Amino acid sequence: MAAALELFWENLERFMAWNLFLAMIPCVLSFMLFAKRSPKRLPINPLWWFGLTVFILFLPNAPYVITDIIHFVRDMRADVSDNGIIFVLIPQYIAFILLGFQCYVISLIKLVQYVDWLKLTRKITLLEVSINFICAIGVYWGRFNRLNSWDVFTNPQSVLQDAIRNLGNPNFFLGTIIFFIIFTSLYYIFKWINIAMVFYWQNHSNRLPV
């Protein structure tokens with residue numbers, strides 16, 4: 001159990017805390033950028049558009065946490081007891097992945113609701129699927145090309161070179177498709193769970209005696 005606890009804190013310090021922080025950035029921004037406001041038009045404030053740019057660039061960091069499951073495979077090869085794996089490491093990874101992906105789902109739901117409220121498009125499902133696909137590409141770049149969201153600003157040449165190089169790599173297309181299927185499937189599962197929970201909570205609150 002001691003070895004499992006050591007790995008627990010090592011995981012937090014090495015990648016979990018940082019990756020959860022990155023996953024929370026688009027989630028926090030979604031509440032700031034996509035709050036309903038009047039009149040029903042896109043803001044002209046340049047600061048809002050800068051925030052939207054940051055939101056888009058950092059959005060793939062949220063579903064990226066799913067790929068951190070590779071660290072769990074490494075942890076399984078360490079000298080850890082079965083109890084340590086079952087009661088420490090597995091709950092840690094489950095909580096980590098669920099929290100990170102929930103940030104993604106909330107971010108995307110807030111974006112879609114805002115777009116729908118502004119009536120910018122009627123093809124909401126197409127928008128959701130497209131964003132999942134774009135994030136799948138971003139996650140591949142992050143996991144295999146080791147690019148970060150801020151590289152678009154700090155190292156655009158490297159981003160462009162990797163993008164061109166990936167076009168000749170069959171693994172890029174395979175990995176992107178796999179990520180896309182996983183993200184899209186989980187997104188709709190999480191989305192409907194969130195909607196059901198909100199619906200239940202609202203109805204439960206309305207039934208409470210005043």
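Only a predicted model underlies this, so the values are computations on that prediction, with no experimental measurement involved. For the numbers below, each heavy atom of this structure counts, side chains included, while hydrogens, waters and symmetry mates do not.
Ring geometry for Phe15 versus Phe96: interplanar angle over 60°, hence perpendicular rather than tilted (30 to 60°). Ring geometry for Phe50 versus Phe153: interplanar angle of 30 to 60°, hence tilted. Between Phe34 and Tyr114, the ring planes are tilted. Angles from 30° to 60° get that label.
Partner of Asn145 under the side-chain hydrogen bond (donor to acceptor under 3.5 Å, both in side chains) criterion, chosen from Asn166, Asn169, Asp151: Asn166.
Taking the six-membered ring for Trp, Phe183 and Tyr187 have ring centres at least 6.0 Å apart. Taking the centre of each ring, Tyr104 and Phe101 come in below the 6.0 Å mark.
Put simply, the side chain of Trp48 gets close to the backbone of Leu33: a donor and an acceptor are under 3.5 Å apart. Although no hydrogens or angles enter the test, the distance criterion places no donor-acceptor pair under 3.5 Å between the side chain of Trp141 and the main chain of Ser149. Looking at Ser185, its side chain never comes within 3.5 Å of a backbone N or O of Ile182 through a donor-acceptor pair. Between the side chain of Ser30 and the backbone N or O of Cys27 there is at least one donor-acceptor pair closer than 3.5 Å.
Asp116 meets the side-chain hydrogen bond (donor to acceptor under 3.5 Å, both in side chains) test with no other residue; sequence neighbours excluded. Asp75 pairs by the salt bridge (charged side-chain N to carboxylate O under 4.0 Å, His left out) definition with nothing, not counting sequence neighbours.
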